[in-house]
Amino acid sequence: MKAIVIHAAGDLRIEDRPVEQPKAGQLRLRLATGGICGSDLHYYNHGGFGAVRLREPMILGHEVSAHVETIGPGVSGFEVGQLVAVSPSRPCGHCRYCAEGLQNQCLDMRFYGSAMPFPHIQGAFRQTLIADAFQCVDATGLSAGEAAMAEPLAVTLHATTRAGSLLGKRVLVTGCGPIGVLSILSARRAGAAEIVATDLSDFTLSLASKVGADRVINTAKEPEALAQYSANKGSFDVLYECTGVAAALAGAIPAIRPRGIILQLGLGGDMTLPIMAITAKELELRGSFRFHAEFAIGVELMRKGLIDVRPLITHTVPLNEAESGFNLASDRSQAMKTQIDFSA
């Protein structure tokens, strides 16, 4: 089978890998679609992000959908040919954090396509994938592309649970890449009354507006536009910070009202924080990392038509053009979510 393997920054290869057989409790899957994530782009463009660096070749990918090909011993509830969304999150289920229900903080997490541990955890961008049955969620009725969006959607649903009640709240989203735009969808579904989104790209802001942002601001063209929300110590109850850029966070804090909540989703490396401003306004800084139960919830929301991710899928390329897909995904002036069609 073919797999997409990163060797170093700019060194992406399509290589042969052996096909494995499922063991008890597992499924063998025929990959349908894989979405190129920001972390995949960090590995491709920079060889990693922050302190996380490639130290050996690694199969990329963790946003995938697939069709069931072979059902392993002891597995029920699946049929050959069935479309499933595949969670890349494989917590051990035994450590202290798994026991506490914090599976996203698992001490022995095996998350597809991650160079955090060594040896690296190989990813899901391969034509045939062995997965534990618990990772697979029925995606019948969705397109393969929609099903592959379950992972980034789950990231924003987890952040939304970290925020607490959003009913009637005013929300600011900084950064309108896929996570930012999906945060808009998640916040609106949770009852946010007003959502304002900022970015540096008119293209991404147009999609933010399309999915329901009440106002979008290009801070490159209108650097002072957020100032109107800073009167009387701020306007927004919740900030989804999706850039991982210190300047974006610092620029948003004046617009957050006292005792507002900052959800930090962006992972761009260490950031310098305006601690005095955070302290004086009694703001709550809440990290949000990955997800667990929200993966299946996201699939259900899509299947019921309660969240529509289709506007985010801007490009799809065949497997043999994977590198062109990575280059396209790196261009925020024209691409939101670029996916790879493994069946083409």
Side-chain angles (χ1 to χ4, degrees), residues 3-13 34-64 87-90 104-107 109-125 148-149 151-156 158-159 162 173-183 199-201 204 240-250 262-273 285-291 322-323 325-333 335-340:
I4 300 174
V5 183
I6 188 71
H7 286 253
D11 187 1
L12 188 73
R13 310 178 194 179
I36 300 173
C37 175
S39 62
D40 296 320
L41 293 177
H42 277 299
Y43 291 127
Y44 174 66
N45 290 314
H46 310 294
F49 51 94
V52 179
R53 314 306 300 176
L54 284 169
R55 289 178 281 171
E56 65 178 344
M58 183 178 75
I59 300 174
L60 289 174
H62 57 265
E63 300 178 6
V64 298
S87 174
S89 181
R90 296 175 292 165
N104 64 314
Q105 298 293 342
C106 174
L107 293 172
M109 175 64 75
R110 299 158 297 145
F111 196 95
Y112 286 145
S114 174
M116 288 184 180
F118 185 84
H120 300 334
I121 307 300
Q122 299 297 309
F125 281 177
M149 292 291 292
E151 192 275 343
L153 175 59
V155 169
T156 65
H158 180 70
R162 295 279 294 133
V173 177
T174 51
C176 290
I179 295 300
V181 174
L182 288 168
S183 293
D199 202 283
L200 305 175
S201 163
T204 58
Y240 287 73
E241 205 303 292
C242 302
T243 69
V245 177
L249 175 59
I262 301 169
L263 299 169
Q264 186 60 47
L265 288 84
L267 294 172
D270 286 339
M271 299 167 62
T272 300
L273 300 176
L285 176 60
R286 300 182 183 179
S288 182
F289 185 62
R290 294 178 177 166
F291 53 84
E323 186 160 16
F326 273 74
N327 290 325
L328 184 60
S330 300
D331 185 353
R332 297 183 74 244
S333 70
M336 174 62 69
K337 177 58 67 177
T338 300
Q339 295 184 329
I340 299 170

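- The backbone N or O of Arg162 sits less than 3.5 Å from a side-chain atom of Arg286, completing a donor-acceptor pair.
- Here the closest non-hydrogen pair linking Asn104 and His158 is ND2-NE2, 3.6 Å.
- At distances below 3.5 Å, at least one donor-acceptor pair connects side-chain atoms of Arg90 with backbone N or O atoms of Arg110.
- By the 4.5 Å heavy-atom criterion applied to side chains, Glu151 and Phe291 are counted as neighbours.
- Between Leu265 and Ser183 the shortest heavy-atom distance is CD2-OG, 4.1 Å.
- The side-chain heavy atoms of Leu182 and Val155, taken from C-beta on, include no pair separated by under 4.5 Å.
- Formation of a donor-acceptor pair under 3.5 Å by the Asp40 side chain with backbone atoms of Cys37 is found in this model.
- Contact of the Cys242 side chain with the Val173 side chain is registered, since non-hydrogen atoms from C-beta on lie closer than 4.5 Å.
- One finds the CD1 atom of Ile36 at 8.0 Å from the NZ atom of Lys337 (value rounded to the nearest 0.5 Å).
- Here the shortest heavy-atom pairing between Ala3 and Ile59 reads CB-CD1, 4.0 Å.
- Panel note: side chain Asp199, backbone Thr204; no donor-acceptor pair is recorded below 3.5 Å.
- Atom CD1 of Ile262 sits about 9.0 Å away from atom CD of Glu241, to the nearest 0.5 Å.
- Checking side-chain atoms of Thr243 against main-chain N and O of Ala248 turns up no donor-acceptor pair under 3.5 Å.
- Gly113 and Met58 make their closest contact through O-CE, 3.6 Å (heavy atoms, listed as atom of the first residue, atom of the second, distance).
- To the nearest 0.5 angstrom, Ser288 atom OG is 9.5 Å from Leu267 atom CG.
- Proximity of a side-chain donor or acceptor of Glu56 to a complementary backbone N or O of His120 within less than 3.5 Å is detected.
- For the atom pair Phe125 CZ and Glu63 CD, the distance stands at 7.0 Å (nearest 0.5 Å).
- From Phe326, atom CZ reaches atom CD1 of Ile340 across 5.0 Å, with rounding to the nearest 0.5 Å.
- Distance check, rounded to the nearest 0.5 Å: CG of Asp11 to CD1 of Ile6 gives 6.5 Å.
- Considering only heavy atoms from C-beta on, Thr174 stays 4.5 Å or farther from Leu249 through its side chain.
- For the pair Asn327 and Tyr44, the minimum side-chain heavy-atom distance is below 4.5 Å.
- Judged by distance alone, with hydrogens and angles left aside, the side-chain atoms of Ser114 form no donor-acceptor pair with the main-chain N or O of Phe111 at under 3.5 Å.
- Judged by distance alone, with hydrogens and angles left aside, the side-chain atoms of Glu323 form no donor-acceptor pair with the main-chain N or O of Gly325 at under 3.5 Å.
- Across every non-hydrogen atom of Tyr112 and Ala124, the tightest pair is CD1-CB, 3.8 Å.
- Using modelled atom types, no side-chain atom of Arg55 and backbone atom of Pro119 make a donor-acceptor pair closer than 3.5 Å.
- Listed for the Tyr43 side chain is a donor-acceptor partner under 3.5 Å among the backbone atoms of Ala115.
- In plain terms, the two heavy atoms of Ser201 and Arg332 that are nearest each other are OG-O, 3.3 Å.
- Using a 4.5 Å heavy-atom threshold, the side chains of Met109 and Met116 count as separate.
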